[in-house]
Amino acid sequence: MTKKAFIFDLDGVIVDTAKYHFLAWKKLANGIGVDFTHEQNEQLKGVSRIKSLEKILAWSNKTISEAEFTRLMGLKNEDYLTYIDTMDEQEILPDVTKTLDFLRAAEQHIALGSASKNARMILEKVNILSKFDVIVDGNDVTKAKPDPEVFLKSAEQLQVAPKDCIVFEDAVAGIQAANAAGMVSIGIGDKATLHEADFVFAGFQEMDAEFLKKLITSTK
């Protein structure tokens, strides 16, 4: 039987760092005289820091210098890092660890495919870094989701064909990236929002062992 590769996004799938991104982006936006809402924050899910700041500026019709753009990106990351510095295992979303342990026991490949440049640090903070065979994050890719680069690199490093990869994502851009890569896409979140996914669950607690076994044995 062919070993499968299970590729996990980080934010909103393994841990809920969206709340920290929101606080950091809101502080930045308010600091340059721009309002920032939870709805706008949803549109930044799975989007790189550069693209996120570009969106915030576009929403407010603001133009800034390249130097100021770079300064603001650094500022946002510093604020975000102060928030995630307090993270621990309690931040892991329900049944994520149980799912990772099930897949490890079944001797499947496990990777992280995330736009976050702080992925390794976060996984260390919540004490699950050792559960991943491969980590491909924002430091390793040049193209943001919905481009499939992050998932294709994960598959390449694991030496697994894209058709034998299963991706867990909470963002529309991530689902589109998984589909573009020819992988099985599993949405974690709202069914209406993530309707392009092959399967959608509110969280890992909704997935039973039988479903995971079928993913291991099925062919795309």
Side-chain angles (χ1 to χ4, degrees), residues 2-18 44-48 92-104 106-116 119-120 122-123 128 131-209 211-220:
T2 306
K3 261 193 184 186
K4 298 292 178 70
F6 290 81
I7 308 172
F8 293 75
D9 179 40
L10 179 65
D11 299 343
V13 173
I14 292 174
V15 290
D16 180 19
T17 48
L44 303 186
K45 276 188 175 180
V47 177
S48 70
I92 301 172
L93 292 169
D95 283 4
V96 168
T97 304
K98 182 180 172 183
T99 303
L100 291 169
D101 289 343
F102 178 90
L103 295 173
R104 285 189 73 79
E107 299 183 336
Q108 299 301 297
H109 298 292
I110 301 174
L112 186 90
S114 169
S116 172
R120 284 175 176 82
I122 291 171
L123 292 178
I128 55 171
K131 296 183 187 292
F132 293 85
D133 302 306
V134 159
I135 292 169
V136 179
D137 63 14
N139 299 296
D140 308 306
V141 295
T142 56
K143 297 168 189 166
K145 302 168 189 174
D147 190 282
E149 183 187 16
V150 68
F151 297 141
L152 291 172
K153 278 201 170 184
S154 299
E156 185 184 349
Q157 288 188 28
L158 290 169
Q159 298 183 310
V160 175
K163 69 181 179 64
D164 292 318
C165 295
I166 297 98
V167 173
F168 298 100
E169 261 286 354
D170 75 315
V172 173
I175 295 297
Q176 290 170 343
N179 292 342
M183 301 176 178
V184 175
S185 56
I186 300 180
I188 303 296
D190 177 61
K191 278 189 178 173
T193 304
L194 303 173
H195 61 89
E196 292 175 61
D198 294 317
F199 306 93
V200 182
F201 296 91
F204 286 93
Q205 67 273 26
E206 283 195 359
M207 276 178 233
D208 58 20
F211 175 74
L212 293 171
K213 283 177 190 171
K214 280 179 186 173
L215 290 174
I216 292 169
T217 56
S218 66
T219 54
K220 188 170 172 74

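- Atoms CD1 and CD1, from I14 and I122 in turn, are 9.5 Å apart once rounded to the nearest 0.5 Å.
- Between K3 and D164, none of the side-chain N atoms (NZ, or NE/NH1/NH2) sits under 4.0 Å from a carboxylate O, so this pair counts as no salt bridge.
- Separating the CD1 atom in I135 from the CZ atom in R120 is a distance of 5.0 Å, to the nearest 0.5 Å.
- Within the structure, the ring-ring contact (aromatic ring centres under 6.0 Å, His included) test picks out the following pairs touching residues 160-185 (sequence neighbours left out): F8-F168, F168-F204.
- To the nearest 0.5 angstrom, K213 atom NZ is 9.0 Å from D208 atom CG.
- Residue I175 is tested with I186, D170, L194 for a side-chain contact (heavy atoms from CB on, under 4.5 Å); the sole match is L194.
- Of the possible polar contacts, none joining the E149 side chain to the D147 backbone as a donor-acceptor pair under 3.5 Å is found.
- Once rounded to the nearest 0.5 Å, the distance linking NZ of K131 with CG of L123 reads 11.5 Å.
- With K4 contributing its side chain and L215 its backbone, the two residues share a donor-acceptor pair below 3.5 Å.
- When atom types are taken as modelled, the side chain of S185 and the backbone of V167 share no donor-acceptor pair closer than 3.5 angstrom.
- Closest heavy-atom contact between K145 and A115: NZ-N, 4.3 Å.
- Using a distance-only test at 3.5 Å, with no hydrogens or angles considered, no donor-acceptor pair links the side chain of D9 to the main chain of G174.
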Task: F102 vs I216, side chain to side chain contact (heavy atoms under 4.5 Å, CB included): CA-CA, chis, key distance, verdict - done: CA-CA 11 Å; F102 178 90; I216 292 169; 4.2 Å; yes
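- Residues V15 and L10 meet the side-chain proximity criterion, which asks for heavy atoms closer than 4.5 Å.
- Closest approach of V13 and V96 over heavy atoms only: O-CG2, 3.4 Å.
- For D133 (side chain) and I110 (main-chain N/O), a donor-acceptor pair under 3.5 Å exists by modelled atom type.
- Under the ring pair (Phe, Tyr, Trp, His ring centres under 6.0 Å) criterion, F6 pairs with no residue, sequence neighbours left out.
- Considering only residues two or more places apart in sequence or on other chains, D190 meets the side-chain hydrogen bond (donor to acceptor under 3.5 Å, both in side chains) condition with T193.
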Would you be so kind as to tabulate the donor-acceptor pairs closer than 3.5 Å made by side chains of residues 151-160, with sequence neighbours excluded?
unit_1	atom_1	unit_2	atom_2	d
K153	NZ	D140	O	2.7
S154	OG	V150	O	2.8

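- Interatomic distance, NE2 of H109 versus CG of L103, reported as 12.0 Å (0.5 Å rounding).
- Side chains of T17 and D11: a donor on one and an acceptor on the other come within 3.5 Å.
- Rounded to the nearest 0.5 Å, atoms OG (S114) and CD (E169) are 8.5 Å apart.
- Summarising the geometry of D198 relative to V184, their closest heavy-atom pair is OD2-CA, 3.3 Å, with the distance given to 0.1 Å.
- For S116 against A119, the heavy-atom pair with the smallest separation is OG-N, 3.4 Å.
- In this structure, the side chains of H195 and V200 stay at 4.5 Å or more apart for every pair of heavy atoms.
- Applying the side-chain hydrogen bond (donor to acceptor under 3.5 Å, both in side chains) criterion to D95, with sequence neighbours excluded, gives no partner residue.
- Partners of F201 under the ring pair (Phe, Tyr, Trp, His ring centres under 6.0 Å) rule, at least two apart in sequence or in another chain, are F211.
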